[in-house]
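One structure is given here, and the rest of the page talks about it.
What you are looking at is a predicted structure, and each value in this text was computed from that prediction instead of being measured. Hydrogens, waters and symmetry mates are skipped; everything else that's a heavy atom, side chains included, is used.
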Amino acid sequence: LGEPVIRTATLQAMRILGGQFVFGRNMTEALKRAAPERDKGLTHSFDMLGEAAMTRDDADRYLKDYMDAIESVGNDTYPNSRAPAPSISIKLSALHPRYEVSQEERVLEELYATVIDLLTFAREKKVSITIDAEEMDRLEISLKLFEKAFTSPVAKGWGGFGLVIQAYSKRALPVLCWLTKLAKQQGDEIPIRLVKGAYWDTEIKICQQLGLEGYPVFTRKEATDTSYLACLRYLLSDYTEGALYPQLASHNAHTVSSVLTMARNKGRRIEFQRLHGMGEDIYGALAQMEGNNRTNVRIYAPTGTHKDL
């Protein structure tokens, strides 16, 4: 007798959580919801729900979702003079069913072609693209694919093709150095979204299952925080100016204040980013700070329904 009541309550709880952490069920709804925030000077990076395609049909469906999202953002008539244009975040694992090291040759051919199609359409629509982060065992293949796409004629001279770097990775700082060299060789700026990391539990579990002696990520929060500050100091150094565009994602007040302190008097163009549903107060204050005309605030906005997961 109680089952219908429990089911109804569960569905209602899912709707409440969905409204808190999912920005919209589709791009039309998301862009409409974004308008009031853009009136305040905020902008967005839309991420289509769903990752880790298991079949070619899954990958084709996610590709269509990304293409539709790019078209929606590109055709949006909201004036960019009031807020920076939104961007799109894409997951490489959603675009190929065998995105793994053992299939590197296949990935660098098949997935590369898919990414080039996305970049071509995005550049035509003037929509920036950010490659989202994956687990650490895919880091090197992700960098190889990024380099191949970044140095292609499609991306040259654009400056709208970026990458997410996870500070909990022990290789975060070396990767930033490598990206700086890549950007300077080509003469194009690479937008870098610096985050602390999203797959900690998975990374630890995989290493323990394999019986490895160490981990590719820091195992203590204070070590990750220190790594983030080190990466931040490097991103805001004179050496990376014109090569890396710092997009700094954190909800931690200490981290945000560290960014403001390090960036003070440098005249660097920087961007703060937060996840939809988190950090509204501190980021709302950032958007209204006087003298921050070279600082953008972007909201990472997951979009879709539970069917996309």
Under a 3.5 Å cutoff, is there a donor and acceptor pairing between the side chains of Ser45 and Arg193? yes
Next on the checklist: For Arg56, I'd like to know if atom CZ has over 12 heavy atoms of other residues, nucleotides or ligands within 6.0 Å.
Outcome noted: yes
Q.
If you take the centroid of each ring, where Trp contributes its six-membered ring, are Phe46 and Tyr300 closer together than 6.0 Å?
A. no
Checklist line | In one Ile/Leu/Val/Met/Phe/Trp/Tyr side-chain cluster, 4.5 Å: Leu95, Ile88 | finding: yes
Note to self: For a 4.5 angstrom cut-off between non-hydrogen side-chain atoms, does His96 reach Gln103?
What the structure shows: no
Discussion item. Can you confirm whether more than 12 heavy atoms, excluding those of Lys32, are under 6.0 Å from its NZ atom?
Written reply: no
Salt bridge (charged side-chain N to carboxylate O under 4.0 Å, His left out) filter on Glu140, not counting sequence neighbours, yields Arg171
*asked:* Do Asp132 and Ile90 have side chains that approach each other closer than 4.5 Å (heavy atoms only, starting at C-beta)?
replied: no
Tell me which donor-acceptor pairs under 3.5 Å the side chains of residues 174-184 have, and how far apart each pair is, sequence neighbours excluded?
| residue | atom | partner | partner atom | Å |
| --- | --- | --- | --- | --- |
| Thr180 | OG1 | Leu176 | O | 2.8 |
| Thr180 | OG1 | Tyr234 | OH | 2.8 |
| Lys184 | NZ | Tyr239 | O | 2.8 |

Margin query: More than 12 heavy atoms of other residues, nucleotides or ligands under 6.0 Å from CD of Glu109: yes or no?
Written below: no
Subject >> Donor-acceptor under 3.5 Å (Arg123 side chain, Val154 main chain) >> reply: yes
For residues 219-231, the salt bridge (charged side-chain N to carboxylate O under 4.0 Å, His left out) pairs (sequence neighbours left out) are Lys196-Asp225, Arg220-Glu222, Lys221-Asp225
Checking side-chain polar atoms at under 3.5 Å, does Ser93 have a donor or acceptor matched by the opposite partner on Glu134? yes
Six-ring centre of Tyr245, Arg269 cation under 6.0 angstrom, axis tolerance 45°: yes
Assess whether salt bridge (Lys or Arg N to Asp or Glu O under 4.0 Å) is satisfied between Arg138 and Glu100, documenting all intermediate values.
CA-CA 7 Å; Arg138 291 169 169 165; Glu100 53 198 60; 5.8 Å; no
